[in-house]
Each structure stands twice: as structure tokens, then as C-alpha cells.
Amino acid sequence: MDEITEIYNKLGGIISEDDFRKRVDEKVDQMSGLCDMKTAAMLVAHDLGVTDTVKDIIKIKDITAEIGNVSFVAKVTSVLDVREFNRNDGTIGRVGTVKVADETGSIKLTLWDDRADIITNGSVDVGDCLEITGYAKEDSYSGGTVINIGKYGLMRETDQNIEVRMQSHKIADIKDGMSDINISGKLLDISDVRNFQKKDGNPGRVMNILIGDETGKIRVTLWDEKVDSTTSLNLDDAVEIINGYARTNNFSQQVEVQIGNHGVLRKTEANVEYKESFTPITDIIPGESYSIKGFVSGLGELREFEKDDGTSNMVSNIYVSDDTGRIRVALWGDHALLVDELDIETPIEIIDAYSKSGYEDIELSAGNRTRITIK
DNA sequence: CCCCCCCC
């Protein structure tokens, strides 16, 4: 049985095979020979509303630049922005990139001109499963294979769910500049939402979460509507991040994961381990973030003061001791009120406090990123 | 693209 009959057989007899073959020939003509019979047959099947002819036609790992026209089914793993460029003939071209994957691997799709509209109008999203027909060619940039989706390409949503083998990262391996970051971790902290004005004058929203896995913890920044994905989450939930990107924070010089337009944060069933690691007090040096575990060994007064910007704030000082030493801890903002609940000898854990050379000696600052638990 | 780590 030839390939065309094979595709015809999937149509369930909605038209005759002769009619089908006639339409296939027409399709080849329409495309001025830009697609072969098999691709034309699949396109005709698509036109007839039968979309599963492309199922299993090829797996991503088998796609090479020599193959030319390909049809396959894959899941969107990342959506990158659209760029404009000037063609030699003076017209403006557009090019967008979408990454997709199946259970065998992942590949980049290059969408040309009108085909890039699905990116700009937001109709393609991470997690969408698509039937894709395009033209495989060598990616001159990376040396890998890329699928060009031009005038005759197809990208159609399908109900099939594709299992994807996605690369998952460990927190300790996240480096500045990385993209397509997927991590699972435990939700350790959730900040307030901050409103701000963007450079273009529009209002923006931003917030942070902290997640940890068995290799470490990392601050995550959520932008604009991604802020809303935290509303259904609770501390200690196992969460996953899909398609984040990493940037060094100018202030802290720490690498953070950003979740922008095309990133996802959601609950996961994955098993995640996180264990806080505590530093012996004697090992603390200035300029780092630390967690300590010990007991209260001194209590100061609660004070209110006015900051340089005129707003008022509270601070109290306590001392914490462990087997190795004793340190002063300044409790800022709401943490300051804790001083009234504490007694000498109260067991205490202070997570993520910042060390600096203080008034007397090295001290810790417990600010809005610090968590304090009393046993 | 945002915000921090401020007191005596």
C-alpha cells in the first residue's frame, strides 16, 4: 500500500479515494512543487478536518536537516519573542521561535512573517500540544536542526497529550543567563506583591517566592499576571517552574529565576526534598545570608524610628546563642514585635538573615526575607 | 522591568 492510500485510509471514507488523490494533486500544484505528495496528502486530510494522519509520523529524535518536509506532534516547551529584520528587498520580515518536544527530544521551530502572529497574539502557550508540518533544515546558528514554518507550514492544536522528556534542573546548577529552566522545589517563602511603574509608564506587579531542593534554594521573581499563580499555593507545597530564565540580581549579586510571560509556576506531585542547613554562629562572616538555630540569650527593647524616606518602622534586638557562639540579631518591621513573645532560653530558628559588621560586632539583620520560628 | 539589608 502506498503512502497516499495509507493516509486516505485514515479518512474513514468521507470522500472517495479518487477525489482524495485529485485534491492531493491540486495541492501539489498550489504549492508550486514546494511540498511532496505525502505532505500534500496530509494537508488535504487536514483540510477535511482529519488531523491525526500526522500522528507518529516522525519522532523528534529522527528529524534531520536532510529530511525536508516533516509532520509530527509535539508539545510547546517555550515561546520566544518575535524579532523584526530588514530583507534585502527593503521589506520588513518577522521571525519568531517556539521550542517543542516529544518523548524523544526537543526541536526549535522558526516561524516566519504571518506565522509568527501566534506568538504576538498569545495564541500559543507553553504546554500546548500541536500537530506541526514544516521544513527541516540545518540551523546555521547552532548547527542543529530547525523546523521552518513558513507559508505552507502548519501548526494546529491537537487533543492528544504528548509526554515530554524535559530537562529538569537542580537549583545548584542554575547560572546567570540560562533560559528554559525547569525546576521542582519546595515553596519556602512568599513575599508581598509590589506595584511599580514600568519604564514605558504602564503599571507593573512583581513578587518573589523562595524555593528549595536538595541542592540549595533560590529566589524566584514573578512578573505581572504571573503573580496570580501564587494565590492557590501554600508554604511547603511542592511546586514546579517551567520555562524560567536566570539573571543575577544587581543588588544581591545572587542568581535568581525569573518567571515572565512564558513561564509557569504551579503545584506538582513531584517528590521534593529540602532541608535547611544551619551555620554555627561562630562561622558567620559579614555580607552573607545565613540560617541559625539556637536559643534566645538576650532581649532588648522594641523601638520605633523614622526611616530616611520619612516612613516609620520598628526594630528590636535579641541575642541568640548556639554551641559555638552568641550573636546579636536585629529584628526589623513585624519581626520586631516577637521580642515580647520571647524569653531567655526560648529555642529559635532564624532562616535567611543577613550578616553585617554592626554596632559592636558581626550582627544579623532579620528583615522581610527572613523567617523566624520559635519552638 | 521591581524591591531590599534600615535603629542605638
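Residue numbering restarts at 1 for every chain, and letters A, B, ... go by the order of the sequence lines.
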Study note, to complete from the structure: Separation of B/dC6 atom C1' from A/Asp334 atom CG, nearest Å, is 14 Å
Practice item. Identify whether any heavy atom of A/Lys307 sits under 4.0 Å from a base atom; if not, whether one sits that close to sugar-phosphate; answer base, sugar-phosphate or nothing. Key: base
Check your understanding: Just how far, in rounded Å, is C1' of B/dC8 from CZ of A/Arg328?
Key -> 7 Å
Check your understanding: Taking CG from A/Leu222 and C1' from B/dC3, how many angstroms apart are they, rounded to a whole number?
Key -> 14 Å
Check your understanding: Out of B/dC2, B/dC6, B/dC3, which has the shortest distance to the side chain of A/Trp332?
Key -> B/dC6
Exercise for review: Give the rounded distance in Å between these two atoms: CZ of A/Phe251 and P of B/dC2.
Suggested key: 14 Å
Review point. What residues form a side-chain hydrogen bond (donor to acceptor under 3.5 Å, both in side chains) with A/Arg94, not counting sequence neighbours?
Key: A/Asp117
Practice item. Only pairs at least two apart or in different chains count here, so list each ring-ring contact (aromatic ring centres under 6.0 Å, His included) that has a residue in residues 302-354 of chain A. Key: A/Phe305-A/Trp332
Exercise for review: Can you figure out which of B/dC5, B/dC8, B/dC3 approaches the side chain of A/Asn317 most closely?
Suggested key: B/dC8
Exercise for review: Return the stacking result for B/dC2 and A/Trp223: yes when the ring centres lie under 5.5 Å apart and the planes under 30°, no otherwise.
Suggested key: no
Practice item. Identify, with sequence neighbours excluded, every residue that meets side-chain hydrogen bond (donor to acceptor under 3.5 Å, both in side chains) alongside A/Glu276. Key: A/Lys217, A/Tyr274, A/Ser291
Review point. Can you tell me how far P of B/dC3 sits from CG of A/Asn313, to the nearest Å?
Key: 17 Å
Practice item. Just jot down the side-chain hydrogen bond (donor to acceptor under 3.5 Å, both in side chains) partners of A/Ser297, sequence neighbours excluded, or say none. Key: A/Ser321, A/Arg326
Check your understanding: Considering only side-chain heavy atoms of A/Ala330, which listed nucleotide, B/dC2, B/dC5, B/dC7, is closest?
Key -> B/dC7
Revision key, fill the gap. note: A/Asp308, atom CG; B/dC6, atom P; distance rounded to Å ~ 10 Å
Practice item. Taking atom types as modelled, find out whether A/Asn208 and A/Thr221 have a side-chain donor-acceptor pair closer than 3.5 angstrom. Key: yes
Review point. Please give, in whole Å, the distance from B/dC3 P to A/Arg247 CZ?
Key: 18 Å
Practice item. Pull out every residue in residues 185-204 of chain A that has a heavy atom closer than 4.0 Å to any atom of DNA chain B, ordered by number, or say none. Key: A/Arg194, A/Phe196, A/Lys198, A/Lys199
Exercise for review: Check if the side chain of A/Glu363 and the base of B/dC7 share a donor-acceptor pair of N or O atoms closer than 3.5 Å.
Suggested key: yes
Check your understanding: If each of A/Asp224 and A/Tyr354 is mapped to the nucleotide of DNA chain B with the nearest heavy atom, which maps nearer the 5' terminus, i.e. the 5' end?
Key -> A/Asp224
Study note, to complete from the structure: In whole angstroms, the gap separating P of B/dC1 from NZ of A/Lys226 amounts to 19 Å
Check your understanding: Which residue pairs pass the side chain to side chain donor-acceptor pair (under 3.5 Å) test with at least one member in residues 174-187 of chain A, sequence neighbours excluded?
Key -> A/Ser78-A/Asp180, A/Lys99-A/Asp180, A/Asp176-A/Thr248
Point to revise | side chain to side chain contact (heavy atoms under 4.5 Å, CB included) between A/Glu131 and A/Leu154, worked out | key: CA-CA 7 Å; A/Glu131 295 168 359; A/Leu154 274 180; over 6 Å; no
Practice item. Would you classify A/Asn249 as touching base, sugar-phosphate or nothing, given that sugar-phosphate means primed atoms plus P, OP1 and OP2, and contacts are heavy atoms under 4.0 Å? Key: base
